Amino acid sequence: MAEGGNGDDRNWSMWLRLLSHSVRDTAGSASADDTTVLQAVKNLHQLCGKGERNCDLVGRVYPHLVKIFNRCSASSSSQKTSTGLLLLAILQFFLDFGEIVLHDSDPSLHTFFRSCLSRQYADPTVAAATLKFLNQNKAKLMVAHPSLLPQYYPLLLKVVAWGSNKLDKPFMDLLPSLMGVSSFLTLFPALLDLPTLVLALENLQASSGATPGTTSGPSKKSPAPEALFALMDEAYTGSSIADSRGAAETDGHGSAKEETEALFADLLKDENEGLAERHWSFPGMAAALKALMGSNPSERLQHALELAPSLLRIYFTIALRDVNDSLLAALLPIIFQRVDAMLPDPKFTAQAQKVLLEFIMAAFHQSPHLVAVLKKPLMDRIGQPHTSSAKTELALQLCWAVGEHGGGGLAYKTAARELFETLELLLYENLASSRMKGNTKQKTEDTKGPAVSQSRLLCSVVTAIAKLATCHRELSPRALVCLSKVARSQQVLDKSVWRRAHDFIGLMHEPAMCSSILGPPTGYPNRSGSVQWSEGGTKAVASIPFYILGEKGGPPFHDFALSDIIGKAS
C-alpha cells in the first residue's frame with residue numbers, strides 16, 4: 001500500500017474500494033479495521049489536494065466518508081482510539097473540500113464533540129490529535145464556525161485537565177480562540193477553577209469507578225440569560241446576584257457535600273451554558289475542597305495548580321488588547337468576588353491573586369473611567385469587612401486605583417464624591433478601632449500582622465483621599481479635616497500613616513505643587529502651575545525629591561532653600 005500519497009496516483013481506486021467495503025460492512029466500526037480505513041482517508045485526502053483540486057475524485061470519495069462518519073459517531077459502544085482519529089481525519093476532509101461538494105461542516109463538528117470527544121477526552125492520543133486538529137484549523141473555524149470553540153471550551157478544559165503537560169502548549173495556542181462574546185465572562189472562572197475541575201474528575205473516578213470520559217458528568221440546566229442580566233446589573237449598579245439556594249443555606253438546609261457536588265456538576269459540563277451559580281459563596285466550600293484534596297495532592301492536581309495562573313495571564317492579556325470596556329466592566333465584579341474564592345492551596349492562591357490584582361490595576365489604567373462606571377462595586381469592596389489578607393489587599397489596590405484616576409476623572413464629580421465618602425468612612429472606622437486597641441495597651445505577636453496590614457491600607461486610603469481632593473478641589477476642605485485627624489493620631493497609628501497625612505496637609509496648601517505631584521502624569525492642562533510630567537522629555541525640569549520636603553519642620557512645613565538640597569559650592 002502506498003503511504004501518505006507517496007505511491008502512484010492510480011492507487012486511488014484501491015483506497016476507494018477499501019472505503020466502499022467499509023461502508024458495506026454491516027458489523028459496524030466495532031469490527032472494521034479503523035487503522036486501515038484511516039490510512040485510506042489520509043491517502044485519498046492527499047490525492048484530492050494534489051495540484052489542481054480533483055473535483056471528480058472528491059465527489060466520489062465524499063459519499064463514502066459521510067456514511068463512515070455517521071456510522072462511527074452513532075456507535076455508542078465504540079471508544080477506540082482509532083475511531084477518534086478516523087473521525088478527525090474525515091473532519092479534515094470536510095473542512096478542506098466541503099465547498100466542492102457543498103457540505104456544511106458545522107453539524108459534523110458538533111457531532112464529533114458530543115459523541116466522540118465527550119467520551120474520549122481522557123485518551124491521550126485522541127486528546128493530542130484533537131488539539132492539533134483545532135490549532136491547524138483555528139483560523140478557518142473562527143471565520144466559518146465562530147461559536148464552535150466558545151461553546152465547547154468546558155470539554156476542552158477537561159482535555160487539558162486530565163492530560164499530561166505535553167498538552168499545555170497546544171492548549172495555550174488554542175486559548176485565544178475560546179474567547180468569544182458568549183464565553184468571555186464564563187471562561188475566567190472556568191480557568192480559575194481548573195484545579196477544582198481536576199478534583200471533580202478525580203472524585204468522579206473514585207465514586208463511579210469509571211475512567212473519566214467514559215460517562216458524562218452530572219448535568220443540569222443553567223439559568224444563563226437571567227444570570228447574565230444579573231451580572232450586568234451588578235456591574236453598573238452594584239446590586240447582588242440572587243442565589244436561588246441562599247435562603248436554604250441561611251436556614252441551615254444546605255450542606256458542604258451538596259454544595260461541592262453542585263459545583264462539580266457545573267464544572268463537569270461539556271458545553272458552555274452561561275454563568276454558573278455562585279457555589280463559592282457557600283462559607284464551607286473552601287474547607288470541603290481542602291478535605292477532598294488531602295495532604296498529598298495528586299500529580300495531575302499539582303500540574304493544574306501550576307498551569308492555571310499561566311492560562312489566566314494569557315486570558316487577561318487578550319482581554320486588555322481586544323475586549324471593549326462594557327465587557328471589562330462586567331468582568332471586574334466577578335474578579336472582585338473570586339479574589340479570595342478559589343481552591344485553597346497556598347502557593348496557587350498567592351500566584352492567582354497576584355495575577356488577578358495585576359489585571360485589575362491594568363484594566364483601570366487602560367480605561368480610567370471604569371472607576372466611575374463601577375462605583376458601587378468599588379464602594380462595596382473597599383468598605384467590606386476585611387476578614388482575610390486577600391480582601392485587605394484588594395481594598396488597598398482599589399483605593400489606589402480610585403485615587404490615581406481621580407474617581408474616574410474630572411467629568412465624574414458625583415462618582416468621585418461618593419467614592420470619597422466611602423474612603424472617609426473607612427478611615428474613621430479604622431481610627432476608632434486603632435484608638436480602642438491603643439487604650440488596651442496589648443501588643444502581641446498575633447496582632448503584629450494585622451497591624452502592618454492595617455497600616456498599609458490606611459496609607460493607601462490617605463493617599464487616595466489626597467489625590468481625589470487634588471483632582472476635585474471641592475473635596476479639599478473635607479480632605480483636610482480627614483488628614484488633620486490622622487496627623488493628630490500619633491499615639492495610636494503607625495508612624496508611616498500619620499507622617500504621610502502630615503506631608504499631604506502641607507502639600508495641599510500649595511495647589512500648584514500638589515497638582516503636579518499628586519495629579520496624573522498628564523497633569524491638568526487647564527490649571528495654572530501644573531507641571532506636565534509627560535512632557536519631561538522635551539522640557540527642562542528640576543525634580544526635587546519629595547522625601548526631603550518631609551524632613552522640614554513647620555510652620556511653614558516646606559520652608560527650604562536650594563542650598564539645603566544641592567549643598568554650598570566649595
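Bear in mind that the values here come from a model prediction, so they are computed numbers and not experimental data.
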**Q** What's the spacing between Ser310 OG and Phe171 CZ if we round to 0.5 Å?
**A** 12.0 Å
**Q** Supply the atom-to-atom distance Thr422 OG1 to Leu398 CG, rounded to the nearest 0.5 angstrom.
**A** 11.5 Å
**Q** Do Lys169 and Asp173 meet the salt-bridge criterion of a basic N to acidic O distance under 4.0 Å?
**A** yes
**Q** Between Leu357, Leu192, Leu356, which is the residue that forms a side-chain contact (heavy atoms from CB on, under 4.5 Å) with Ile335?
**A** Leu356
**Q** Hey, does Leu419 have a side-chain heavy atom less than 4.5 Å from the side chain of Met379?
**A** yes
**Q** Which heavy atom of Arg300 sits nearest a heavy atom of Ala161, and at what distance?
**A** CG-O, 3.3 Å
**Q** Distance-only check: which donor-acceptor pairs under 3.5 Å involve side-chain atoms of residues 478-490, not counting sequence neighbours?
**A**
unit_1 : atom_1 : unit_2 : atom_2 : d
Arg478 : NH2    : Glu424 : OE1    : 2.6
Ser484 : OG     : Leu480 : O      : 2.7
Ser489 : OG     : Arg435 : NH2    : 3.2
Ser489 : OG     : Lys485 : O      : 2.7

**Q** If I compare all heavy atoms of Leu320 with all of Ala362, which pair ends up nearest, and what's the gap?
**A** CD1-CB, 3.6 Å
**Q** With the side chain counted from C-beta on, respond yes when Leu426 and His386 share a heavy-atom pair under 4.5 Å apart, and no when they do not.
**A** yes
**Q** With side chains defined as the heavy atoms from C-beta onward, is the minimum distance between Leu332 and Phe359 less than 4.5 Å?
**A** yes
**Q** Quick one: pull up NZ in Lys347 and CG in Leu305 and give me the separation to the nearest 0.5 Å.
**A** 9.5 Å
**Q** Do Leu199 and Glu202 touch side chain to side chain, with heavy atoms closer than 4.5 Å?
**A** yes
**Q** Show the numbers, then the answer: is there a side chain to side chain contact (heavy atoms under 4.5 Å, CB included) between Leu263 and Leu289?
**A** CA-CA 10 Å; Leu263 173 62; Leu289 293 178; 4.3 Å; yes
**Q** Count the heavy atoms of every other residue, nucleotide or ligand shown that sit under 6.0 Å from CD of Glu474, and state whether that count exceeds 12.
**A** yes
**Q** Which label fits Phe184 and Tyr315: parallel for a plane angle under 30°, tilted from 30 to 60°, or perpendicular past 60°?
**A** parallel
**Q** Kindly say whether Gly409 contributes a backbone atom to a donor-acceptor pair with the side chain of His369 at under 3.5 angstrom?
**A** no
**Q** Might you point out which heavy atoms bring Ala464 and Cys399 nearest each other, and give the distance in Å?
**A** CB-O, 3.3 Å
**Q** Would you call Leu312 and Phe188 a side-chain contact if the rule is heavy atoms closer than 4.5 Å?
**A** yes
**Q** Check whether any side-chain heavy atom of Ile360 sits under 4.5 Å from a side-chain heavy atom of Phe336, and report yes or no.
**A** yes
**Q** Can you check whether Lys158 reaches Asp270 side chain to side chain, under 4.5 Å on heavy atoms?
**A** yes
**Q** For the atom pair OG (Ser476) and CD1 (Ile465), what is the distance rounded to the nearest 0.5 Å?
**A** 12.0 Å
**Q** Taking the side chain as C-beta and beyond, is there a heavy-atom pair between Asn165 and Leu307 under 4.5 Å?
**A** no
**Q** Start with the C-alpha gap between Lys391 and Val339, add the side-chain angles, then the distance that decides, and say whether side chain to side chain contact (heavy atoms under 4.5 Å, CB included) holds.
**A** CA-CA 7 Å; Lys391 289 183 177 180; Val339 163; over 6 Å; no
**Q** Could you tell me whether the side chain of Asp266 and the main chain of Lys269 form a donor-acceptor pair under 3.5 Å?
**A** no
**Q** Would you tell me whether Glu306 and Gln302 have side-chain atoms, one donor and one acceptor, within less than 3.5 Å of each other?
**A** no
**Q** Can you find a side-chain donor-acceptor pair between Ser183 and Asn272 that sits under 3.5 Å?
**A** no
**Q** Nearest heavy-atom pair of Leu394 and Arg381: which atoms, and what distance?
**A** CD2-CD, 4.1 Å
**Q** Looking only at non-hydrogen atoms, find the nearest pair between Phe348 and Leu343 and report the distance.
**A** CD2-O, 3.6 Å
**Q** Is any side-chain N of the basic residue among Lys376 and Glu418 closer than 4.0 Å to the acidic one's carboxylate O?
**A** no
**Q** Can you tell me if Lys354 has over 12 outside heavy atoms packed within less than 6.0 Å of its NZ?
**A** no
**Q** Of all heavy-atom pairs between Ser496 and Asp494, which one has the smallest distance, and what is that distance?
**A** OG-OD2, 2.5 Å
